[in-house]
Amino acid sequence: MNSLLARTRKYYFLAGLKLFGYVAAVQLLLVVEWTFFGVEEEDIVGFVSQNVITFNAMFMVLFNMLFAIYGPNWYDSMVLSMGARRRDVFWGQLIKQSVFVGLSAILSIVLCVVFKHENFLGYTIVAVAAAMILGALGLVIGYKVKKYGKIVIFGLLIIVGVQAGIWGFVLATGIKLPIGSLNSAMILSLIGAGAVAVFVLLEFWAYRLNQKCMVS
Amino acid sequence: MGTLSGKNIVKKYGKDTVLKNVNIDIETGKIYGLIGRNGAGKTTLLSILTAQNPATEGTVTLDGQPVWENEEALSHICYSREIPQVTMFGPNTLKVKDYLGTAKIFYKNWDEEYAKELVGLFNLNPKKKVSKLSKGMLSALTIIIALASKADITILDEPVAGLDVVAREQFYKLVIDEYAQTGRTFIISTHIIEEAASLFEKVIIIDDGQIVLNENTEDLLSRAYRVSGEDVNVDKATDGYKVYHPESIGRNKVVTVLAEEPVAGFGEDVQVEPVALQNLFYAMCVDGRKEA
């Protein structure tokens, strides 16, 4: 374990495992709660496992972004101050996110297969794609927050608020989006290609920010 | 190990230029003192020399190789930064033992036994959260990281801030012992100059983003004098020398002189005393050089 890259990878790999552990622990508590709520359900195992799959996907997306936002302040400064290179930190962040998202996805897929919820496999795959994209976005936001402070968070809240308003309006008025007229294979291909493109662009942006960020 | 060298370093934060074309050579195997006023650019300079932060202009090399993103160069350097008390990020989210565990991952030559010994010496509780440590304990933690890293070039920024006198003396002794045993290079930035002065083989004075001095401490002090007497006599005796911080009390005057070479005498009409490093620094930085 002499190479700096290997040591940095180990650090971020362990960080990813730790974050997955925290989220898994929260879900275990929820499992206990759902078990109590589901006593009157016909298929309590099915009820609880479906809830775990649904929430696990949501948590995967939500927490991967949150942990990414914290990254530049929480991990990177400290690691850089201990002699890590910026490129190692960049790859380390990717490793951390991949470990967290990967393990969450494995958990969901195993539950889908074991408890016969195969209809949720597609949902899980979309969640994985969303988690990786929002993770990259979270990293960019994290660098901006580190540089400019809380003003970035307020700006983001406004943007998210406006988007939520638009989506709410679309749902309330029943406006059909043009995407509905495309066939499902084309939609999936378009979404897949778009997701990859957005992910690469955001990671590239995060890399550029990583090269300039300050250790504080 | 050869020389850690910074050439033409400029650092700008927006419109503020914090470092103004700094050139510096750090010869390895010496203990350096880096002194300067608050905001003079000490921390910025150290963070650029160790590639923790990018310079706006200029290059930093170790033995001729760039330090930036260079694993080989970085493996020889430890810059143990001050840990701020009031953030909710980084080390402050960890327990002492976890922070030391992180350092163990990143410093190639980390000495675990020595780290444990130092934790005991400074009475640090490994299970305590870093955010719960006092200012002095935070300083002790940065000292432990620096010393146990066993890095060839070890840099400490304000290591004794908040430490009591016993802990400060322990720190000075530890540095001397380490230096005697390993010949590591230490760069220590401090405001408690008088106490640490005997530690410094070389001293670097930075003022307003520029290196004012970088030389052997003994040589420097051997050509620094405090000259006092009647103002006319003082002016006459110090004519042609670099004179700093003249102070007049009635018809008497006191000046600090930094000559090019040791001076045999300033004449019978004035009193001459040696100058301590702290007083020389004060004279040089308080209001700049008045005459030449």
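Order of the sequence lines fixes the chain letters, A, B, ..., with proteins taken first and strands second; residue numbering starts at 1 for each chain.
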*asked:* Looking only at heavy atoms and a cut-off of under 4.5 Å, which of B/Ser47, B/Ala103, B/Ser149 has the most pairs with chain A?
replied: B/Ala103
*Pick from B/Leu74, B/Thr50, B/Asn53: which one has the most heavy-atom pairs with chain A under 4.5 Å?*
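Result: the option with the highest number of such pairs is B/Asn53.
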*If you look only at pairs with a residue in residues 117-126 of chain B, which of them pass as a side chain to side chain donor-acceptor pair (under 3.5 Å), with sequence neighbours excluded?*
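For residues 117-126 of chain B: none.
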Return yes if some donor-acceptor pair links the side-chain N/O of [X] with the main-chain N/O of [Y] below 3.5 Å, else return no.
X: B/Asp25; Y: B/Gly6; result: no
X: A/Asn56; Y: A/Val52; result: no
X: B/Ser139; Y: B/Ala161; result: yes
X: A/Lys146; Y: A/Met214; result: yes
X: B/Asp152; Y: B/His76; result: no

*Side chain, backbone, both or neither: which part of A/Ser77 has a non-hydrogen atom closer than 4.5 Å to chain B?*
neither
Of the backbone (N, CA, C, O) and the side chain (C-beta and beyond), which part of [X] lies under 4.5 Å from a heavy atom of chain A, both, or neither?
X: B/Thr102; result: both
X: B/Ala73; result: neither
X: B/Tyr79; result: backbone

*Residues which pass salt bridge (charged side-chain N to carboxylate O under 4.0 Å, His left out) with B/Glu178, listed by chain and number, not counting sequence neighbours*: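 By the salt bridge (charged side-chain N to carboxylate O under 4.0 Å, His left out) rule, B/Glu178 matches B/Lys150, B/Arg184.
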Report all side-chain donor-acceptor pairs from residues 30-43 of chain B shorter than 3.5 Å, counting only partners two or more places apart or in another chain.
residue, atom, partner, partner atom, Å
B/Lys30, NZ, B/Glu27, OE1, 3.0
B/Tyr32, OH, B/Glu27, N, 2.8
B/Asn38, OD1, B/His191, NE2, 3.0
B/Lys42, NZ, B/Gly36, O, 2.9
B/Lys42, NZ, B/Arg37, O, 3.1
B/Thr43, OG1, B/Asp157, OD2, 2.8

*Among the options A/Val79, A/Leu14, A/Leu80, A/Asp88, pick out the one with the most heavy-atom pairs lying under 4.5 Å from chain B.*
A/Val79
_Side chains of B/Val10 and B/Leu19, heavy atoms from C-beta outward: is any pair under 4.5 Å?_
no
*Could you tell me which residues in residues 122-139 of chain A have at least one non-hydrogen atom under 4.5 Å from a non-hydrogen atom of chain B, sorted by residue number?*
none
